[in-house]
Structure formats: structure tokens, C-alpha cells
Amino acid sequence: MFRNDVYAELNRRGFIQQVTEPEKLQQLLQAGPVTYYVGIDPTADSLHVGHLMAIMGMMQMQRYGHRPIAIIGSGTAMVGDPSGKTEMRQMLSREQIVANSRKIKTQLQRYLDFSDGKALMVDNYDWLGTLNYIDFLRDIGRYFSVNRMLTYEAYKQRLERGLSFIEFNYQLLQAYDFLMLYKRYGCRLQMGGDDQWANILAGVDLIRRIEEQDAFCLTFPLLTTASGQKMGKTVSGAVWLDADKFSPYDYYQYWVNSDDRDVARFLAFFTLLPMEEIEAVKCMQGAELNAAKAILAFEATKLTHGEAAAQEAMAAASAAFGGRALPADLLASSSAPRGQVKGDDAAVPFSVMTMAEIARAPRLVDVLAELKLVGSKGDARRLIQGGGVYLNQGRVDDINLCLAAEQVQEGRIVLRLGKKRHHHLLVQ
RNA sequence: GGAGAGGUACCCGAGUGGCCAAAGGGAACAGACUGUAAAUCUGUCAGCUUACGCUUUCGGAGGUUCGAAUCCUCCCCUCUCCA
């Protein structure tokens with residue numbers, strides 16, 4: 001089960017942005033299973049694509065036999081990390097945080113194996129919640145130099161806009177987390193986004209000073225898309241990992257729409273396909289690269305929503321955009337269906353209407369607005385005037401068009417906004 | 001507490017009494033071209049309206065005026081310098 005070359009693998013796949021003492025850490029990871037941790041803020045009721053890098057990092061490590069601790073930062077979430085933020089964060093109530101944590105835990109189980117203690121999930125509220133202020137100041141606070149903290153880039157930015165004392169303490173709490181995990185579980189490594197570098201170092205330092213032991217920090221690159229956008233933003237907002245908040249079909253679409261320049265990187269980060277196969281993608285272009293995108297989308301969807309959902313999403317994409325046969329030798333380890341995929345649009349987002357509602361001949365603009373497919377009726381009108389609305393494959397050119405029974409084909413009306421947004425009205 | 005600067009639409013940012021639903025840029029969306037990519041060109045980008053037009057918007061609340069993002073009063077917030 002244990003394999004000693006995870007560091008090389010992480011490095012090869014591009015996961016390593018910065019690391020403290022690379023040689024020592026490599027030795028440690030080669031010597032045997034290491035307990036490592038990643039912190040996750042329960043600030044929303046679902047994880048999103050922005051978390052995926054860290055999740056995949058944890059997943060890779062676990063596959064090589066190391067033991068992950070996912071720490072739900074429900075204690076620190078009540079403080080709010082100022083890193084990378086220009087404004088003070090909205091603070092959440094305790095109840096909200098607990099509810100969010102619960103959902104996040106379930107989601108993580110899709111990526112990590114928690115059986116037999118192979119992975120742990122802990123909540124830092126367990127120790128932060130009962131912290132005694134005086135003790136904390138005396139035992140932990142003494143190790144932190146304000147002078148030095150003020151020189152950190154993370155705080156510099158905030159100093160210009162204002163930084164409250166509560167936020168200034170975030171770093172101490174995160175360092176304390178690391179210390180506690182070291183003491184309780186022998187955790188030696190903390191991983192996180194590169195914006196966490198300073199916070200993690202604080203923990204490394206604290207362990208060195210108090211325990212006189214080596215601890216390590218490894219940060220992941222902060223991902224932006226090739227066009228410079230933050231990962232995970234779409235028309236409809238964040239790309240959630242929760243199927244109810246963001247459908248597997250849309251999730252698949254998110255990945256298949258990746259920029260050409262991102263495909264190889266994303267395959268390395270967000271799939272478990274072997275690097276030997278991914279390397280080949282780096283020199284692909286055109287149709288071949290496009291097929292690689294489909295496999296990226298399939299694999300990513302499979303990891304998050306399961307094999308069946310990934311197949312459905314792929315079939316739906318095939319129905320909506322025209323299928324293409326995936327060559328058998330392209331990323332051969334992928335379980336994506338090869339050959340011509342039979343189109344099946346069952347996974348395309350839909351809404352249900354009754355025949356009676358259709359018979360009332362509602363105007364298309366009203367329907368679109370009601371279904372929240374557009375921002376407003378005026379928005380819908382402008383979209384139609386610009387030629388961006390299609391009904392049953394035909395372009396709609398009349399802003400006053402009303403729905404009618406004749407439009408129902410095979411029990412539904414097929415709507416499309418622009419080239420990509422498909423929506424079905426199932427008629428009952 | 002004192003002195004100064006500032007708060008404009010998703011973001012940046014121009015606008016100092018009517019021609020301002022507010023320049024310009026970015027983002028976003030649509031069309032053309034394509035490969036469900038990128039780049040490019042074109043259009044759209046507060047709400048309601050087929051349209052004429054109406055309603056709401058320039059930190060908040062009042063006021064002056066025929067007319068206010070623009071002038072006055074009070075308040076809130078941010079930044080810089082001083083305490």
C-alpha cells in the first residue's frame with residue numbers, strides 16, 4: 001500500500017508551489033506513512049472547485065499510503081482569515097457553521113477513504129472553542145512577534161485597508177491547530193493554497209519552538225485559468241461539488257469548456273490518470289485536444305459525482321453538441337466510453353410544465369424569466385433580438401413568441417440560450 | 001480628538017446644476033468565425049414596456065431649485081497625516 005515516491009508524483013503533477021526544507025520532507029515521505037493535514041473553512045454549505053486542488057492533493061497523498069486529516073475550521077471560521085481578502089469577512093453563526101461542516105464532511109468522503117482510520121476528520125472547534133484567553137496568550141502568544149507578522153505580505157495589504165484585531169489573531173489559531181494535530185496525531189505536514197504559506201509557517205515555527213521537532217509546509221499553486229480568471233466561476237456562480245447546487249451535467253460542461261492551454265494541467269491536477277499519458281496531451285491540438293477535454297470532463301465528473309453520472313453527462317453532451325468518438329489510445333487509463341457515444345439528453349437540466357400551462361400560451365420571455373434562465377424579461381427580449389434564443393433547434397426571432405402545444409415534441413420543448421445553455425421543458 | 005482626501009452601475013473609473021440611466025476600460029452575455037477552446041470583429045449590458053414612454057439609481061436622510069450624481073445641512077463609512 002505504501003509507496004515512497006509521492007513527492008516526485010506531486011511535483012510532476014504540478015502540485016508543489018512552495019515547500020519548506022524539500023530534502024528533509026522528501027526523506028520523511030520516503031521513510032514511511034506521514035500524517036498530514038489540510039484545513040477547510042466551513043463558510044458555505046458545499047465545497048466548490050476552488051477547494052479541489054487541495055482535495056486532490058490530499059487524495060494523491062492518501063493513494064501513496066499517507067494519512068490525511070481534514071480539519072474543518074469551524075473554530076477559525078468564526079474568526080476569519082484575512083489572507084488575500086481586502087475586506088473583513090462576513091462572520092457566520094455557530095449553527096450555520098455546524099450545518100455547513102456536516103455537509104462538507106459527506107462530500108469529502110467521496111475523495112478520501114475514511115475507513116479504518118485511514119483518514120481523519122476533526123473540527124478545530126474541539127480545542128479552539130474551549131481555549132482560555134490568558135493561557136493562550138501566555139503559552140502561545142509569546143512565540144509570535146508582532147513586528148514580524150506585520151512584515152508579511154498577507155497583512156501588508158490589509159494594513160492599507162484596515163485589519164481588525166480578531167483577524168490578526170487568525171494566524172495564531174492556525175498555528176495552534178498545527179501544534180494540536182502534531183501532539184494528538186503526530187501530524188508533521190500541513191498543505192494548503194499558497195496564500196496560506198505564512199499561516200502554515202507560523203505553525204511550523206511553533207512546533208519547532210515548543211516541541212523542538214521538524215514540521216513541514218507544502219503549498220499548492222493558486223490556480224487561475226489560462227485567461228487569468230479565478231477557477232470555478234460561471235454565469236450561474238460558483239462551481240459547487242454538490243449535485244443539488246450544481247448538476248453533474250453542468251459540472252461536466254464546466255470542464256469540457258476548459259481553455260486549450262489548461263487541459264494538460266487540469267488533467268494532472270484533477271484526474272488520477274497517469275502522468276505518462278497526460279504528457280502526451282501537452283503537444284496535442286485541434287480535434288485531438290478536444291477529445292482530451294472530454295476525457296478531462298469525464299474523469300473530473302466521475303471523481304465528484306460517480307461513474308454513472310459522468311456517463312450520463314457525457315451522453316447528454318453528445319446529444320446536445322454532437323457526439324465524437326474518443327480514440328481508444330487517448331489517455332487509455334480513463335474509463336470514459338470509447339467509440340461513438342450514444343446521445344441521451346436525460347441529464348440536461350429541465351423543468352416541468354403541464355399541458356394546461358402550455359395551452360394558456362405563456363410568452364416565451366415570461367417563461368425564460370420565470371425559470372431564471374435570464375435575469376429579467378428585458379434581458380430575455382434583448383437576447384432574442386440578438387439571436388441568442390432557440391426553440392426546438394430553430395432560432396426565435398419574435399420577442400412575443402408564445403408557447404403552444406404544437407411545439408411539444410416527444411413530450412417536451414427544447415430550449416437553448418446561446419450555443420451552450422440547454423434547457424428542456426418536460427410537458428406532462 | 002485635530003487636519004486633509006474620498007465614497008458613482010459587477011469591478012476600475014470619468015462626470016461639479018439641464019444635452020446623465022450617467023464617458024472610457026475590464027469582466028460578463030449574445031451574434032459572426034470556429035473545435036462546446038483561444039483570438040478577432042459586431043451587438044447587448046438598472047427594472048417594467050412591442051413601442052411612445054414610465055419607474056428606480058451616483059454612501060444615507062433631509063433641503064435649495066422649474067430641474068441635483070453635481071449646490072446646502074446633518075449623519076454613516078473608508079483612507080492619509082497628527083494625537
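Lettering of chains follows the sequences in order, A, B, ..., and the numbering in each one begins at 1. None of these values were measured; they are calculated from a predicted model.
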Worksheet item: Is there a Watson-Crick or G-U wobble partner for B/G6 with both distances under 3.5 Å, and which nucleotide is it?
Response: B/C77
Practice prompt. Respond yes when some side-chain nitrogen or oxygen of A/Arg381 is under 4.0 Å from OP1 or OP2 of B/U49, and no when none is.
Written response: yes
Discussion item. Measure NZ/A/Lys293 against P/B/G35 and give the value in whole Å, please.
Written reply: 12 Å
Fill in: Partners meeting salt bridge (Lys or Arg N to Asp or Glu O under 4.0 Å) with A/Arg363 (sequence neighbours left out)
A/Asp366
Discussion item. Looking at B/G47, I'd like to know if its phosphate oxygens (OP1 or OP2) sit under 4.0 Å from a side-chain N or O belonging to A/Arg382.
Written reply: yes
Worksheet item: At their closest point, which heavy atom of A/Val374 faces which heavy atom of A/Ala380, and how far apart are they?
Response: CG2-CB, 3.7 Å
Response to the item:
From CD1 of A/Ile295 across to P of B/A37 the rounded distance in Å is 19 Å
Worksheet entry | A/Leu289 CG - B/A37 C1' separation (whole Å) | 8 Å
Worksheet item: Has A/Arg421 got a side-chain N or O lying under 4.0 Å from the OP1 or OP2 atom of B/A28?
Response: no
Discussion item. Is the distance from the ring center of A/Tyr254 to that of A/Phe246 below 6.0 Å?
Written reply: no
Worksheet item: Considering Watson-Crick and G-U wobble pairs with both distances under 3.5 Å, what does B/A14 pair with?
Response: none
Fill in: Candidates B/G35, B/A32, B/U50 - which lies nearest the side chain of A/Arg395
B/A32
Item to complete: Measure centre to centre between the rings of A/Tyr36 and A/Phe216, then say whether the value is under 6.0 Å.
Response: no
Practice prompt. Step through it carefully: locate the ring centre of A/His305, locate the ring centre of A/Tyr251, and say whether they are under 6.0 Å apart.
Written response: yes
Discussion item. Can you check the distance between B/U49 and B/C54, where both ends of the measurement are the C1' atom (answer in whole Å)?
Written reply: 8 Å
Item to complete: State the pairing partner of B/A22; accept Watson-Crick or G-U wobble contacts with both distances under 3.5 Å, and report none otherwise.
Response: none
Fill in: First of A/Ala369 and A/Gly322 reached from the 5' end of RNA chain B, by closest nucleotide
A/Gly322
Discussion item. When the P atoms of B/C52 and B/A68 are compared, how many Å lie between them, rounded to an integer?
Written reply: 24 Å
Worksheet item: Say you pick atom P in B/G7 and the same atom in B/G13; how far apart are they, in whole Å?
Response: 9 Å
Worksheet item: Nearest nucleotide by nearest heavy atom, which residue falls closer to the 5' end of RNA chain B, A/Ala287 or A/Ser376?
Response: A/Ala287
Worksheet item: Which whole-number value in Å describes the distance from A/Met314 CE to B/U36 P?
Response: 14 Å
Discussion item. Which residue is it: A/Gln253, A/His424, A/His423? I am looking for the one with a side chain to side chain contact (heavy atoms under 4.5 Å, CB included) to A/Pro349.
Written reply: A/His423
Worksheet item: Taking the six-membered ring for Trp, are A/Trp255 and A/Phe270 parallel (under 30°), tilted (30 to 60°) or perpendicular (over 60°)?
Response: tilted
Item to complete: Would you mind pulling out the nucleotide paired to B/C41, Watson-Crick or G-U wobble, both distances under 3.5 Å?
Response: B/G31
Worksheet entry | Sugar-phosphate, base or nothing in reach of A/Gln253, heavy atoms under 4.0 Å | base
Worksheet entry | Inter-nucleotide C1' distance (B/A27, B/C11), Å rounded | 7 Å
Worksheet item: Considering only B/A37, B/U36, B/U49, which nucleotide approaches the side chain of A/Val256 most closely?
Response: B/U36
Fill in: Distance, P atom - from B/C75 to B/A83, rounded to whole angstrom
26 Å
Practice prompt. Look at the side-chain N and O atoms of A/Tyr249 and state whether any lies under 4.0 Å from the OP1 or OP2 oxygen of B/U36.
Written response: no
Fill in: Nucleotide nearest A/Asp259 when distance is taken to its side chain, options B/A37, B/A30, B/U50
B/A37
Worksheet, complete the sentence: Answer for the Watson-Crick or wobble partner of B/U50, both distances under 3.5 Å, is none
Worksheet item: In whole Å, what is the span from the CG atom of A/Asn290 to the C1' atom of B/A37?
Response: 7 Å
Worksheet item: Roughly, in whole Å, what's the span from CG in A/Leu373 to P in B/C29?
Response: 15 Å
Worksheet item: Choosing from B/U36, B/U50, B/C48, which nucleotide comes nearest the side chain of A/Ala317?
Response: B/U36
Discussion item. Using whole Å, what does the distance between atom P of nucleotide B/U44 and atom CG of A/Asp379 come to?
Written reply: 14 Å
Worksheet item: When you compare B/G2 with B/C74, how far apart are their P atoms, in angstrom units rounded to a whole number?
Response: 14 Å
Worksheet item: For atom P, what is the distance between B/A22 and B/C29, given to the nearest Å?
Response: 24 Å
Practice prompt. Examine B/G31: is either OP1 or OP2 under 4.0 Å from a nitrogen or oxygen in the side chain of A/Lys419? Give yes or no.
Written response: yes
Worksheet item: Across all strands shown, which nucleotide pairs with B/U70 by Watson-Crick or G-U wobble geometry, both distances under 3.5 Å?
Response: none
Discussion item. Can you see whether A/Tyr64 has A/Arg3 sitting over its ring - NZ or CZ less than 6.0 Å from the centre and within 45° of the normal?
Written reply: yes
Worksheet entry | Pairwise P distance, B/C45 and B/A51 [rounded to whole Å] | 12 Å
Practice prompt. Give a yes/no answer on whether the side chain of A/Lys377 brings an N or O atom under 4.0 Å of OP1 or OP2 in B/A46.
Written response: no
Worksheet item: Given atom CG of A/Leu417 and atom P of B/U36, what is their separation to the nearest angstrom?
Response: 18 Å
